[in-house]
Number of protein chains: 2
Amino acid sequence: MAARGRVRDKEKLSLERIVDVAISQLRERGYDAVTMRSIAAELGTGPASLYAHVANRNELDSQVNARISSMAYVPEPDPSRWDEQIAEVARELLRLYREHPGTARCTMGNMPASIEALDPVEKIFAILRAGGVPDQDASWFGDQFSLHVAAFAMEEDIWKSRARSEGLTEEEAWDHIPPVFMNLSVARFPVLTSLAGVLTTGDADVRFAFGVDLMIRGLKARAASAAERASLPGDSVDAC
Amino acid sequence: MAARGRVRDKEKLSLERIVDVAISQLRERGYDAVTMRSIAAELGTGPASLYAHVANRNELDSQVNARISSMAYVPEPDPSRWDEQIAEVARELLRLYREHPGTARCTMGNMPASIEALDPVEKIFAILRAGGVPDQDASWFGDQFSLHVAAFAMEEDIWKSRARSEGLTEEEAWDHIPPVFMNLSVARFPVLTSLAGVLTTGDADVRFAFGVDLMIRGLKARAASAAERASLPGDSVDAC
DNA sequence: ACCTGAACACCGTTCAAGT
DNA sequence: ACCTGAACACCGTTCAAGT
């Protein structure tokens, strides 16, 4: 029993265990504090051992990204409410990034990640297709939508890390913002100062919902205007 | 003359010179190769000297971001074509990030940056206001729009850096993508495989224009629907 | 094939000392 | 106030050696 069950608590290294530890450390210590060495240490070995399972730090990030992505729940397509379903997916992805702080920074620059991470992507495109979104629009939307969600999560994560490293709570850090806009020169920033109140209205969730809403409404608007005349994305854009 | 003009070619350190060197190194070597030490070396001193002008690496990034942002040209508001003007601003910002590779990574997580960097922001809000966009929508749009543009530039920059570090040209790196989608299992990824052709259609500029177009159209669509009934951002979103 | 210890070539930042 | 040399406490990665 003793000679088997836990002779040593090293049960062989594997990519899976490495990613497990990486994600748990990401959550507990934040992105900057997780290193090859800290991961190796928790696994009871030296950093060199990790390189038998992962090519480098970038690939580790990519694997972390794949793991998080593969955890996303995406509903079966319901054509009558594809737009709400896309908004739901956005919230689900943000929820996952938040539940595993630090992982958003592994995502940016690592898209589309690995093949296992494509399952949720497949489902997102299934929803768009069920909703009748034209293939080309759906394709580009998937790209920009994923980027936007990841960027929001990353920015939020950096913001929180920074606040923490300055010894502030999130609320305290937030409280530093409104005065900045209030105290701007009215002569130099007439619009910004007049917007000061509204600029700092709404928490992260509201801002996120707004951004996602913009993209979904934009997609619908394109379909509507395509009904009149065939239009390319550049439409109002590559005129210049 | 010799005793004055260039006794030594160290003409006093300053934040300005440090940022100058940082940006020029960012452009030439890419984000990862620019360090406090490399900047100091080019200025003929040691890394410790920089800390008299900049608190830490994060603040240097923030200063680089401020410098780049302040270079953005934003046109005077023309109410009749505010939407095209916003698209122009997006292209101008992307152009700046591209002209100074590596700086996009200084921007993410550093918004809204410093006060000097707010001049372009003021002008963007002036265009939105001239276009009749409601204050709250304009405010949230400015936030999500800036994030989206910075994220696009950052992703592109990381992508290019990665390609370069693997000894590939951008074209070669791009060529690796289509086969990935082509060779997916049709059974597991029926939608993705059917979209393979269209997924890899369009270069970076087209994708960028598409994303920006979505956000602008979304903003207009919100105004249109607000005409019928007062609506909050959550509308189709915080139902769940 | 997998794992390891030790080393290499770096980092950002601090600090006492100089001017 | 600004600058410096030297050091501290780290990094990611490599490599010869072990199993």
Taking for each residue the nucleotide of DNA chain C bearing the nearest heavy atom, is the 5' side occupied by A:Arg37 or by A:Ala52?
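Between the two, 5'-proximity favours A:Ala52.
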
Euclidean distance for C1', C:dA1 against D:dA17 (whole angstrom)
15 Å

Between D:dA9 and C:dA9, how many Å separate the two P atoms, rounded to a whole number?
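One P to the other, the span is 22 Å.
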
B:Glu92 side chain to B:Ala72 backbone, donor-acceptor under 3.5 Å:
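Absent.
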
Looking at A:Met108, is its backbone amide N or carbonyl O close enough to the side chain of B:Glu155 to form a donor-acceptor pair, meaning the two atoms are under 3.5 Å apart?
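Here the side-chain-to-backbone pair does not exist.
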
Nearest whole Å is fine: how far is [N] [atom2] from [X] [atom1]?
{"X": "A:Arg17", "N": "C:dC3", "atom1": "CZ", "atom2": "C1'", "value": "13 Å"}
{"X": "A:Leu13", "N": "C:dT4", "atom1": "CG", "atom2": "P", "value": "7 Å"}
{"X": "A:Asp32", "N": "D:dA9", "atom1": "CG", "atom2": "C1'", "value": "16 Å"}
{"X": "A:Tyr31", "N": "D:dC11", "atom1": "OH", "atom2": "P", "value": "14 Å"}
{"X": "A:Met36", "N": "D:dT14", "atom1": "CE", "atom2": "P", "value": "11 Å"}
{"X": "B:Leu50", "N": "C:dT13", "atom1": "CG", "atom2": "P", "value": "10 Å"}
{"X": "A:Tyr51", "N": "D:dT13", "atom1": "OH", "atom2": "P", "value": "4 Å"}
{"X": "A:Arg57", "N": "D:dT14", "atom1": "CZ", "atom2": "P", "value": "15 Å"}

May I ask which nucleotide in the shown strands pairs with D:dA7, Watson-Crick or G-U wobble, both distances under 3.5 Å?
C:dT13

Taking any strand in view, what nucleotide pairs with D:dT19 in a Watson-Crick or G-U wobble way, both distances under 3.5 Å?
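In the structure as shown, D:dT19 has C:dA1 as its Watson-Crick or wobble partner.
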
Write down the atom of A:Glu172, the atom of A:Thr169, and the distance for their closest heavy-atom approach.
OE1-N, 2.9 Å

I want to confirm an ordering. Mapping A:Val34 and B:Ser49 to their closest nucleotides on DNA chain D, which one lands closer to the 5' end?
B:Ser49

May I ask you to verify if any side-chain N or O of B:His53 is less than 4.0 angstrom from the OP1 or OP2 atom of D:dA1?
no

Within less than 4.0 Å of OP1 or OP2 of D:dT4, is there a side-chain N or O belonging to B:Thr45?
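True: B:Thr45 side-chain N/O within range (under 4.0 Å) of D:dT4 OP1/OP2.
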
With a 4.0 Å cut-off on N to O distance, would you call B:Asp61 and B:Arg105 a salt bridge?
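Salt bridge absent between B:Asp61 and B:Arg105.
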
Answer with base, sugar-phosphate or nothing: what part of the nucleic acid does A:Thr35 contact at a heavy-atom distance below 4.0 Å?
sugar-phosphate

Report the C-alpha distance between A:Asn65 and A:Ser69 in whole Å, list the side-chain angles of each, state the deciding distance to 0.1 Å, and finish with yes or no for side chain to side chain donor-acceptor pair (under 3.5 Å).
CA-CA 6 Å; A:Asn65 173 29; A:Ser69 299; 3.2 Å; yes

